[in-house]
Asker: 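What follows is a structure written as structure tokens; I'll ask about it next.
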Amino acid sequence: MPVSLPLSRYWGGIDASFDRIAIGLSGLCLVHCVATTVLLTVLSSAGALVHPAIHEIGLTLAIGFGIIALGKGILAHGYMAPALVGAFGIGIMAGALSLPHGGFEIFWTLIGVSLVALGHDLNRRATY
């Protein structure tokens with residue numbers, strides 16, 4: 001048995017884990033956006049839920065997981081499409097941060113998060 005086979009299985013498991021975690025974080029972002037919208041509709045303000053640091057930290061996590069999981073996916077299976085879809089989604093999320101709170105900011109963030117999750121799902125499917 002070649003020495004690289006156990007190592008490739010190990011990295012394969014790491015890649016799948018990063019994609020699954022990234023998809024889960026995308027889901028949490030969607031829940032956060034919807035919950036914030038509902039809370040802002042019901043209440044006059046949602047306090048810490050709309051603090052700008054949450055959005056900046058979330059974008060930083062998305063970029064980090066994207067680089068690790070989607071980058072390793074390119075090396076593992078050679079397909080650029082999952083990384084391009086994910087990068088496009090991250091770009092939309094970053095652009096949404098420049099919009100005023102409420103309104104179209106939420107719409108574009110949801111589009112971006114959905115594309116990032118799609119990129120990670122495509123990456124996971126291409127790897128296995």
Side-chain angles (χ1 to χ4, degrees):
M1 174 182 345
V3 174
S4 64
L5 185 60
L7 189 58
S8 67
R9 285 185 185 160
Y10 171 75
W11 283 114
I14 296 283
D15 291 343
S17 295
F18 271 109
D19 283 321
R20 286 187 190 107
I21 291 169
I23 291 169
L25 286 175
S26 295
L28 287 175
C29 183
L30 284 170
V31 168
H32 164 76
C33 291
V34 172
T36 302
T37 303
V38 170
L39 284 175
L40 284 174
T41 303
V42 173
L43 305 171
S44 61
S45 73
L49 288 176
V50 294
H51 194 277
I54 289 176
H55 302 118
E56 294 163 3
I57 291 168
L59 183 62
T60 303
L61 284 171
I63 291 170
F65 275 99
I67 289 171
I68 293 170
L70 298 173
K72 287 194 124 333
I74 292 171
L75 297 175
H77 52 66
Y79 297 123
M80 293 284 294
L84 292 175
V85 170
F88 185 59
I90 289 173
I92 290 174
M93 288 170 55
L97 278 179
S98 68
L99 298 173
H101 241 6
F104 287 111
E105 180 228 3
I106 294 167
F107 172 77
W108 286 112
T109 301
L110 294 177
I111 297 291
V113 167
S114 298
L115 286 171
V116 171
L118 175 63
H120 283 292
D121 188 52
L122 292 172
N123 189 51
R124 187 181 56 80
R125 290 173 189 247
T127 305
Y128 303 101

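Computed from a predicted model, the values in this text were never measured in an experiment. We're numbering straight along the sequence, starting at 1.
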Asker: What I'd like to find out is whether the side chain of H120 reaches to under 4.5 Å of the side chain of I21, using heavy atoms alone.
Answerer: no
Asker: Apply side chain to side chain contact (heavy atoms under 4.5 Å, CB included) to I92 and list each qualifying residue two or more places apart in sequence or on a separate chain.
Answerer: F88, W108, I111, L115
Asker: Count I, L, V, M, F, W, Y as connected when their side-chain heavy atoms are under 4.5 Å apart, and connections chain through other members. Are I23 and L28 then in the same cluster?
Answerer: no
Asker: Honestly curious: do L118 and L70 fall in one hydrophobic cluster under the side-chain, below-4.5 Å linking rule?
Answerer: no
Asker: Considering residues at least two apart in sequence or located in another chain, which fulfil the side chain to side chain contact (heavy atoms under 4.5 Å, CB included) criterion with I67?
Answerer: I63
Asker: Looking at residues at least two apart in the chain, or sitting in another chain, which of them share a side chain to side chain contact (heavy atoms under 4.5 Å, CB included) with L84?
Answerer: M80
Asker: Going by side chain to side chain contact (heavy atoms under 4.5 Å, CB included), name the residues that satisfy it together with A117, two or more places apart in sequence or in a different chain.
Answerer: S26
Asker: Please report the interatomic distance CG(L110) to CD(E105), rounded to the nearest 0.5 Å.
Answerer: 9.5 Å
Asker: I need the minimum non-hydrogen distance between L97 and L59, along with the two atoms involved.
Answerer: CD1-CD2, 3.5 Å
Asker: Hydrophobic clusters here meaning ILVMFWY residues chained together by side-chain heavy-atom distances under 4.5 Å, can you tell me if I90 and V113 are in one?
Answerer: yes
Asker: Once rounded to the nearest 0.5 Å, what's the spacing between atom CD1 of I74 and atom NZ of K72?
Answerer: 11.5 Å
Asker: To the nearest 0.5 angstrom, please state how far the CG atom of D121 sits from the CZ atom of R20.
Answerer: 10.5 Å
Asker: Work out which heavy atom in M93 is nearest to a heavy atom in A62; give both atom names and the distance.
Answerer: CE-CB, 3.9 Å
